[in-house]
Amino acid sequence: MSDWPKKTEYLGRSTPRVDGPAKVTGAAKYASDVQPEGWLYGMILRSKWPSAVIRSIDLEKAKAVPGIKAAVTVRNGERHVRYYGEELAAVAGVSKQACLDALRLITVEASPQPFVVDVVEAIKPDSARVFADAPNLGEAKIKEEGDIHGAFGKCDVVVEGEFSTQVQLHQALETHGNTIQVETDDACTAWASTQGIFSVRDGLASNLNIPQTRVRVITDYMGGGFGAKFGPGVEGSLAARMSRETGLPVKIMLTRFEESLAVGIRPSSYQRIKLGADKEGKLIAFDLDAFGSAGFASGGSSAGGGGGAGFPAPYIYRVPNVRAKHAGVAINAGSARAFRAPGHPQGSFGMESILDDLAVKLGIDPVEIRLKNDPLELRRKEYEIGREKFDWLQKYRPPGTSPGPIKTGVGVAGATWGGGGRGTKAQATINPDGTVEIRCGTQDLGTGARTVVALVAAEIFGLPPERISARIGDTEFPASGGSGGSTTTASVAPAIFDVCTKALNELQVLSGVADARGANFDAACRKLGMEPVVMQGEWREGLSSSGVGGVQFAEVDVDTETGFIKVKKILVVQDCGLVVNKLTAESQVNGGVIMGLGYALYEQRVMDPQTGVCLNPNFETYKLPGAADVPEIEIVLLDMPERGVIGIGEPVTIPTAAAVANAVANAIGVRVHSLPITPDKVLEALGQIPAGPETASSDLDKSFVVVEDLPAVAGEFTDDVPS
Amino acid sequence: MKAFEYVNALTPTSAAGLLGENGRYLAGGIDLLGEMKEYIATPSRVVNVKNLPESKTLTVSDGVLRLGANVTVAGIAAETEILTGWPALAEAARDVGSPQIRAVATLGGNLAQHSRCWYYRQRDLTCLKRGGNTCYARDGQNKYNAIFSGNPCISPVVSNLAVALSALDARVVVQRKEGEASLTVSELYQDAWSNPLAQNSLAPGDLILAVSVPSDGRKSAYLQMSEKSDFDWALVSCAVSGKIEDGKISGARIVLGSVAPVPLVAADAAAFLEGKPLDESSVTQAAEIALAKATPFAHNGYKVPIARALIRRALLKLLV
Ligand SMILES: Cc1cc2nc3c(=O)[nH]c(=O)nc-3n(C[C@H](O)[C@H](O)[C@H](O)COP(=O)(O)OP(=O)(O)OC[C@H]3O[C@@H](n4cnc5c(N)ncnc54)[C@H](O)[C@@H]3O)c2cc1C
Ligand code: SF4
């Protein structure tokens with residue numbers, strides 16, 4: 001179906017990023033590097049209370065600090081803050097020290113309120129409430145198909161399990177923030193660390209109450225977003241207000257501490273699953289009772305935006321009899337934001353874990369049970385490719401049978417994603433001197449979007465990518481969408497294809513050169529005389545599509561005496577349609593796997609139930625995988641040019657944790673039911689920990705009873721969470 | 001951080017005088033600046049001790065290793081004489097933080113570093129150790145806290161070097177008032193065992209000058225277990241030393257880190273091993289004895305099996 005050239009010169013090869021040298025030499029200026037003339041530091045005062053009614057905020061002493069040019073409150077009048085770290089006020093001044101001093105001089109009069117930060121506590125009927133007028137546990141949503149009540153009776157085997165997943169933080173290397181300049185005539189320029197320049201533009205226009213045409217957003221380079229950087233944020237609106245007040249540019253880049261509190265999370269999940277099948281392993285019935293928290297705004301009727309805690313279930317499998325129930329729980333913590341494949345890693349961990357338990361009970365090989373039940377032919381093919389490559393049949397042993405104290409295990413899991421393209425416009429200019437400039441209002445959130453623009457243009461014109469000036473990250477360029485949902489490459493590549501094809505045609509017509517590509521290009525351009533070719537183009541059908549599978553195999557060593565897990569290898573078999581740039585596609589896979597390893601083994605936001613504060617708002621105790629933790633990652637990309645371009649950013653992070661968890665269970669012969677799988681949990685599962693005080697899992701056990709009692713409303717269950 | 005005055009100390013004796021009311025010594029600055037940025041420490045004056053004479057030298061003479069207080073952790077890790085003569089120390093140094101941290105961190109600063117309990121380091125809380133009324137960790141998120149303590153604070157000692165140096169019977173030379181004191185590692189930390197406000201036994205003004213490590217034909221080993229493969233604090237660390245003859249051990253020292261406010265010397269376990277061959281059975285019994293009195297909290301019982309495994313493995317390592 002696709003119009004992409006069959007034989008390619010640049011597409012599908014491994015091309016280094018066109019902006020690589022600028023990045024490694026520091027020539028690339030990120031949002032945090034921008035320093036317009038006269039700029040001021042801005043900093044935010046945040047709530048020290050997990051819940052409090054703010055009576056008054058006195059800024060006078062702060063304003064008197066030498067060097068301070070502005071101080072504002074987030075809102076006037078009394079208000080209720082509902083988490084530790086919620087924004088209260090901000091200052092702008094000529095130095096960081098002036099701002100730090102000023103923040104400490106702001107006096108806040110507040111009445112602290114009862115709070116709860118633990119999800120399992122929050123659903124108890126006598127828990128403190130996040131919103132006084134509603135229980136923390138929202139109304140459950142239920143999806144029902146078939147006859148769940150009768151179906152379990154017809155199953156030959158039934159397995160049950162309780163699973164939980166943690167709150168994960170985005171932790172992009174560059175924190176959230178903007179430098180914003182509002183001129184006296186209200187013209188606004190923002191240098192933003194964002195994955196959506198147009199959504200930041202629209203947000204700022206509405207914050208400042210000015211037309212969108214008055215706002216220009218520039219994102220030349222930014223250091224990652226993972227779904228949490230679509231709007232200007234409270235920090236953006238505060239910078240804009242203080243810039244308007246002072247007439248000077250104001251920069252607010254969050255600190256790592258702030259980054260850990262207020263700008264998004266992946267919601268937690270608590271899942272009780274019952275799964276039934278026939279003797280052959282064919283799935284018959286699936287029952288899920290789940291809850292989780294997306295932060296303070298999570299609880300049903302009390303929700304105030306910020307995304308839900310739902311997840312797709314029974315994930316990639318089609319089971320004839322399904323009941324899936326999910327409820328959101330409000331706690332006093334910052335809100336969720338879209339996070340690389342929202343909902344999917346949670347859904348994948350629960351479902352793929354219980355499926356392996358079922359396979360073990362039936363004595364069926366884990367790959368085999370997936371081949372039996374996976375509805376997607378492409379993914380079944382990927383399992384078969386992976387089984388070969390990974391040497392699965394050699395490596396797989398019955399659970400816990402690897403000899404010695406350090407046990408080896410293997411596991412596998414699959415994923416699904418959309419990743420299609422959508423409206424994107426672009427402009428191409430061909431100058432008489434042979435220079436080419438492409439403008440497109442997309443942004444590069446670190447995935448290599450600028451290189452995609454250059455590569456597609458290079459292919460059409462037959463020129464080396466260095467000859468293309470790829471200009472992106474500016475709202476004055478033709479509009480494109482936010483970089484989310486793995487849509488960027490599938491949106492941008494077709495638009496560039498379209499505009500370059502048109503521009504090449506025009507060049508050929510005007511110059512009279514029949515084939516102006518490659519070696520003929522410069523000569524054709526010279527014939528243009530004074531007039532450059534300027535062409536508009538856009539995304540159109542036929543060059544991209546949507547829907548990918550993807551499977552991952554994991555091999556781990558588990559030290560049964562210390563609980564330490566070493567991941568030895570991850571094999572990824574992934575489709576993404578036409579591979580535009582093999583190098584950056586593989587980079588996406590590596591990054592997705594590494595993020596998945598963090599989710600599997602290390603990462604977790606820790607809140608203190610007694611005080612409501614976050615205890616690990618830094619990279620020292622919020623543990624991210626480091627170079628030494630990264631195993632061999634083998635990547636098999638199924639290049640399918642006939643399908644057009646499809647995104648790959650999100651699917652590759654989904655199944656890693658489930659595959660690792662299954663490998664750990666296979667190694668030690670017992671399952672760790674909660675992520676991250678840290679040494680303490682491994683030792684607990686192995687019964688190595690001396691009997692002590694009550695554990696978290698026994699508490700969790702009781703909490704499902706509470707959920708069961710709650711009234712449920714029939715409703716659409718979140719199956720595909722937008723991102 | 002709060003504005004402060006910066007001065008350079010040129011002699012050990014002048015350094016203490018320069019501290020004034022609430023001054024602090026600055027070596028690599030990793031720990032001190034962390035505390036200052038969070039307003040946990042607000043000194044009016046910071047006294048740089050990195051330029052003190054001889055403080056960066058490392059010598060071996062008559063079988064005694066002498067390390068100036070400002071030798072870096074990376075310097076210790078890279079020294080082949082240490083790796084062969086005092087392997088526990090080299091291995092402990094190699095496991096400290098990341099390459100960047102090791103390059104800047106000093107021996108003196110590593111020994112004198114303050115609590116890493118995440119309640120202590122939380123800018124908006126004032127726990128017992130910071131002069132408040134409550135230890136939040138006891139009933140809270142105590143996964144990384146101690147399983148032995150002689151006081152209400154259960155913040156564990158986290159210096160890798162302290163654990164190794166204790167097992168190696170090192171002496172810490174401290175400038176104290178007008179004179180020099182020579183402390184065992186246990187003496188350097190003992191106040192932290194009984195006093196929740198103490199990080200160690202150093203009084204304000206006490207300055208670590210050097211560390212000397214004897215070599216009396218001992219073998220030594222250090223092992224730690226963290227959640228990550230690298231750049232992570234030890235959940236538990238263990239250093240052992242002893243003389244080995246015909247596979248039998250004498251004069252053993254077994255020391256655990258990250259389990260108590262001080263490097264925990266397992267004297268009973270060491271006594272049990274005296275004269276015994278090191279084998280699966282003896283080291284397993286020694287490990288049992290060492291952990292017999294552990295009193296874990298809700299979330300740190302897992303440290304017990306890890307400590308046992310490390311003791312066994314470290315002791316057996318002495319045989320190779
Ligand atoms: C992310 C991270 C990970 C780390 N991981 C580890 C680890 O795994 N293992 C480990 O052991 N350490 C670890 N550290 C701690 C690090 O090694 C120490 O912070 C460092 O050793 C402190 O040395 P410094 O020279 O920077 O000390 P400074 O910060 O300069 O000083 C520390 C303290 O000692 C005092 N002081 C300094 N010199 C003297 C002296 N001569 N006499 C008396 N007092 C003195 C200072 O006043 C201050 O109170 C880690 C630190 C960080 C930030
Ligand atoms: S263990 Fe010590 S440092 Fe930690 S909260 Fe308790 S008193 Fe504070």
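Within every chain, numbering begins at 1; the chains are lettered A, B, ... in the order of the sequence lines, protein sequences first and strands thereafter. Here the structure is a predicted model, which is why all the values come from computation and not from measurement.
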Within a radius of less than 6.0 Å around NZ of A:K407, do more than 12 heavy atoms belonging to other residues, nucleotides or ligands occur?
yes
Basic-acidic side-chain contact under 4.0 Å: B:R313, A:D559
yes
Between A:L615 and B:Q122, is a side chain to side chain contact (heavy atoms under 4.5 Å, CB included) present by the stated rule, with each step listed?
CA-CA 7 Å; A:L615 291 173; B:Q122 220 290 346; 4.3 Å; yes
Is there a donor-acceptor contact under 3.5 Å linking the side chains of B:D124 and A:Y84?
yes
For B:S229 and A:D629, work out which heavy atoms get closest and say how close.
N-OD1, 2.7 Å
Would you call B:R121-A:E620 a salt bridge at under 4.0 Å N-O?
no
Tell me, yes or no, whether the heavy-atom count around B:E21 atom CD, taken from other residues, nucleotides or ligands under 6.0 Å, exceeds 12.
no
Mind checking the CE-NZ spacing from B:M1 to A:K96? Nearest 0.5 Å is all I need.
9.5 Å
Taking every heavy atom of A:G626 against every heavy atom of B:K228, the minimum-distance pair comes out as N-NZ, 4.2 Å
Pick one of side chain, backbone, both or neither for B:K303, based on which atoms fall under 4.5 Å of a heavy atom in chain A.
neither
Shortest non-hydrogen separation from B:G301 to A:I689 and the atoms involved
C-CG2, 3.6 Å
Tell me the closest heavy-atom pair linking A:F564 and B:E227, and the distance in Å.
CE1-O, 3.5 Å
Ranking A:K623, A:Q688, A:K681, A:M607 by heavy-atom pairs under 4.5 Å to chain B gives rank one to A:K623
For chain B, the option from A:D101, A:T611, A:I565, A:N618 that forms the most heavy-atom pairs under 4.5 Å:
A:T611
Give a yes or no on whether A:K569 atom NZ has more than 12 heavy-atom contacts from other residues, nucleotides or ligands under 6.0 Å away.
yes
Find out whether B:L235 and A:P679 are in side-chain contact, i.e. whether some heavy atom of one side chain is under 4.5 Å from a heavy atom of the other.
yes
If I compare all heavy atoms of B:Q141 with all of A:P609, which pair ends up nearest, and what's the gap?
NE2-CD, 3.8 Å
Name the option with the most non-hydrogen atom pairs under 4.5 Å to chain B; the candidates are A:N616, A:T621, A:V682, A:V613.
A:V613
Region of B:Y136 that comes under 4.5 Å of a non-hydrogen atom in chain A
both
Could you tell me the separation between the CG atom of B:L125 and the CG atom of A:D608, rounded to the nearest 0.5 Å?
7.0 Å
Give, as side chain, backbone, both or neither, the part of B:S226 having an atom under 4.5 angstrom from any heavy atom of chain A.
backbone
Side chain / backbone / both / neither for B:D139 at chain A, heavy atoms under 4.5 Å:
both
Distance, nearest 0.5 Å, that separates CH2 of B:W118 from OH of A:Y622
12.5 Å
Can you name the closest pair of heavy atoms from B:G140 and A:Q610 and give their distance?
CA-NE2, 3.3 Å
Between A:L103 and chain B, which part of the residue has a heavy atom less than 4.5 Å away: side chain, backbone, both or neither?
neither
For A:L100 and B:Y39: C-alpha separation, side-chain torsions, deciding distance, then whether side chain to side chain contact (heavy atoms under 4.5 Å, CB included) applies.
CA-CA 11 Å; A:L100 283 170; B:Y39 293 87; 3.9 Å; yes
Within 6.0 Å of NZ in A:K61, more than 12 heavy atoms from elsewhere:
no
